[in-house]
> 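Dropping a structure here in structure tokens format, bear with me for questions.
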Amino acid sequence: MKNIIIPEGKKVYFSSDNHLGAPTAEQSYPREKKFVAWLDEVKKDAAAIFLLGDLFDFWIDYKTVVPKGFTRTLGKLAEISDSGIPIYYFVGNHDLWMNGYFEEELNIPVFHKPEIFQLNNTSFFIGHGDGLGPGDKGYKRMKKVFTNGVAQWFFRWLHPDLGVKLGQYLSVKNKMISGDDDVKFLGEENEWLVQYAKRKLETQHYDYFVFGHRHLPLEIDLNEKSRYTNLGDWITYFTYGVFDGEKLELKKYDPS
């Protein structure tokens, strides 16, 4: 468990699912500018920032090559990190192949599975959310292939121009940004992340479960003391979470 003490007047922010670069770099650009503007605002009172995955629609860490684009986002994250505000990144299903760049260049720790954080006296179970809970067997099989060391080794032998182009094509072609299920509330009994959280509560109490991946802003009480929050996305909803030391709330970013 990682502990964060939130100073008086400071807050902790949560964001997920930007899918920068999709469906094209040109169409993604206004969303990137909006996200960078949000980062500029929250850095004024942020004690920490959590990014819960799929910041990019496709990302891979090569040893000597950085995927083209996202300069404003990476520069802003570097600026905030250099200022002393900690940023924590959880990989999603579109950026599984992170392997050192964020840690080495941006001083941002990267997590490949859910983690537990204690923010003041409040416990948080945090992750992207992909592959958790019942069902989704097809994706779980696919994830095993994508995270396989041999498969990653072969993919990196492709020229980066070919590898990145192929990754971007498959990401959009397979509608992994937001499938039909991701834009509908399935009902509490059918929301697999809700069911996952309820099962975790059978053995350990957490005040908040915070996930992305579903692309829907959701706040669901699991019992009298625990709540499940899904952060939504920066494609349709432009929502984010903010914790003031006592309560986590979802808000919509509207610079106007």
Side-chain angles (χ1 to χ4, degrees), residues 1-2 4 6 10-19 31 34-35 38-39 41-42 45-55 88-90 92-93 111 114-136 177-255:
M1 180 183 292
K2 298 169 178 62
I4 297 177
I6 305 174
K10 296 290 186 178
K11 299 174 182 177
V12 175
Y13 292 92
F14 300 82
S15 171
S16 182
D17 292 276
N18 302 72
H19 290 273
R31 293 190 288 108
K34 193 170 184 177
F35 179 63
W38 176 78
L39 288 171
E41 286 195 20
V42 303
D45 65 355
I49 298 172
F50 286 81
L51 302 178
L52 269 57
D54 288 355
L55 176 61
Y88 303 94
Y89 194 90
F90 290 76
N93 49 305
F111 303 99
E115 295 285 341
I116 302 166
F117 281 79
Q118 187 84 10
L119 308 184
N120 284 358
N121 297 317
T122 305
S123 56
F124 282 74
F125 189 97
I126 302 171
H128 179 65
D130 60 311
L132 302 179
D136 208 9
I177 298 177
S178 181
D180 292 339
D181 287 344
D182 287 328
V183 296
K184 301 174 185 176
F185 177 59
L186 304 176
E188 185 174 328
E189 69 281 0
N190 295 317
E191 286 286 339
W192 37 271
L193 282 173
V194 172
Q195 300 308 312
Y196 174 82
K198 286 183 175 180
R199 284 207 296 270
K200 297 295 289 186
L201 288 173
E202 293 175 2
T203 57
Q204 177 69 45
H205 169 76
Y206 302 101
D207 295 300
Y208 289 101
F209 291 82
V210 186
F211 296 112
H213 188 58
R214 283 288 285 111
H215 288 234
L216 276 177
L218 298 171
E219 294 179 285
I220 296 174
D221 289 329
L222 303 170
N223 58 37
E224 293 181 355
K225 296 183 178 180
S226 296
R227 171 171 280 202
Y228 159 77
T229 297
N230 196 282
L231 297 171
D233 66 17
W234 285 77
I235 300 170
T236 303
Y237 296 102
F238 301 95
T239 46
Y240 63 95
V242 55
F243 180 66
D244 63 3
E246 296 183 1
K247 183 179 180 181
L248 175 66
E249 293 182 298
L250 279 183
K251 295 188 177 182
K252 182 180 178 67
Y253 181 61
D254 185 357

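In this chain, residues are counted from 1 in sequence order. Remember, predicted model here, so these are calculated numbers, not experimental data.
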> Just do the salt bridge (charged side-chain N to carboxylate O under 4.0 Å, His left out) check on Lys198 and Glu191 with the steps written out, would you?
CA-CA 11 Å; Lys198 286 183 175 180; Glu191 286 286 339; over 6 Å; no

> Can you find a pair of side-chain heavy atoms, one from Ile6 and one from Lys11, that are under 4.5 Å apart?
no

> Does the Asn230 side chain pair with the main chain of Gly212, one donor and one acceptor, at a distance under 3.5 Å?
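Yes, the answer is positive, given that a donor and an acceptor are paired below the 3.5 Å cut-off.
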
> Taking the side chain as C-beta and beyond, is there a heavy-atom pair between His19 and His215 under 4.5 Å?
yes

> Do the rings of Tyr88 and Phe50 sit parallel, tilted or perpendicular, given the 30° and 60° boundaries?
parallel

> Suppose we screen for ring pair (Phe, Tyr, Trp, His ring centres under 6.0 Å). Which residues come up paired with Phe209, at least two apart in sequence or across chains?
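Counting only residues at least two positions away or on another chain, Phe209 forms a ring pair (Phe, Tyr, Trp, His ring centres under 6.0 Å) with Phe125, Tyr206.
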
> Donor-acceptor pair, distance only, cut-off 3.5 Å: does the side chain of Asp244 make one with the backbone of Glu246?
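Looks like yes, one N/O pair under 3.5 Å.
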
> Looking at Gly92 and Asp130, what are the two nearest heavy atoms and their distance?
C-OD2, 4.3 Å

> Locate the shortest heavy-atom distance separating Ser226 from Leu201; write the atom from each residue and the value.
OG-CD2, 3.5 Å

> Would you say the side-chain atoms of Asn93 and His128 include a donor-acceptor pair closer than 3.5 Å?
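Distance-only check passes for Asn93 and His128.
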
> Given side chains that start at C-beta, do those of Asn18 and Asp233 come closer than 4.5 Å, heavy atoms only?
no

> Cut-off 3.5 Å, side chains only: do His213 and Asp54 have a donor facing an acceptor?
no

> Starting at CD of Glu219, measure out to CG of Leu248 and round the result to the nearest 0.5 Å.
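Output value for this atom pair is 7.0 Å.
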
> Donor-acceptor pair, Asn120 side chain versus Thr122 backbone, under 3.5 Å?
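No.
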
> Rounded to the nearest 0.5 Å, how far does CG of Leu193 lie from CG of Leu216?
11.0 Å

> I'd like to know if the side chain of Tyr13 pairs up with that of Asp45 as donor and acceptor (distance under 3.5 Å, no hydrogens or angles considered).
yes

> Does Thr203 use its side chain to pair, donor to acceptor, with the backbone of Lys200 at less than 3.5 Å?
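Yes.
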
> Verify, without hydrogens or angle tests, whether Thr239 (side chain) and Lys251 (backbone) share a donor-acceptor contact under 3.5 angstrom.
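The answer is no, because no donor-acceptor pair under 3.5 Å joins these two groups.
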
> Can you tell me how far apart CG (Asp221) and CG (Asn223) are? Round to the nearest 0.5 Å.
8.0 Å

> For a 4.5 angstrom cut-off between non-hydrogen side-chain atoms, does Leu218 reach Thr229?
no

> Going by heavy atoms in the side chains, are Phe35 and Leu55 under 4.5 Å from each other?
yes

> When you measure from the centre of the six-membered ring of Phe238, is the NZ or CZ of Lys34 closer than 6.0 Å and no more than 45° off the axis?
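Yes.
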
> Can you name the one residue among Tyr240, Trp234, Trp38 that meets side chain to side chain donor-acceptor pair (under 3.5 Å) with Ser15?
Trp234

> So, does Gln195 use its side chain to make a donor-acceptor pair with the main chain of Glu188 at under 3.5 Å?
yes

> Is there a side-chain contact between Val242 and Val12 (heavy atoms, below 4.5 Å)?
no

> Out of curiosity, Asp17 CG to Arg214 CZ, how far, rounded to the nearest 0.5 Å?
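Atom-to-atom, Asp17:CG and Arg214:CZ are 10.5 Å apart.
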
> What distance separates Phe90 CZ from Leu51 CG, expressed to the nearest 0.5 Å?
10.0 Å

> So Phe211 and Leu132, side chain to side chain contact (heavy atoms under 4.5 Å, CB included) or not? Walk me through it.
CA-CA 10 Å; Phe211 296 112; Leu132 302 179; 3.7 Å; yes

> Which residues pass the salt bridge (charged side-chain N to carboxylate O under 4.0 Å, His left out) test with Glu115, sequence neighbours left out?
Lys2

> Counting distance only, does the side-chain N/O of Lys252 pair as donor-acceptor with the main-chain N or O of Tyr237 below 3.5 Å?
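Answer holds: yes.
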
> Between Asp207 and Ser123, is there a side-chain donor-acceptor contact under 3.5 Å, judged purely by atom types and distance?
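Present: a donor and an acceptor within the cut-off.
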
> Please indicate whether Asn121 has more than 12 foreign heavy atoms, meaning atoms of other residues, nucleotides or ligands, lying under 6.0 Å from its CG.
no

> CZ/Phe124 to CZ/Phe14 distance, rounded to the nearest 0.5 angstrom?
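Here the interatomic distance stands at 4.5 Å.
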
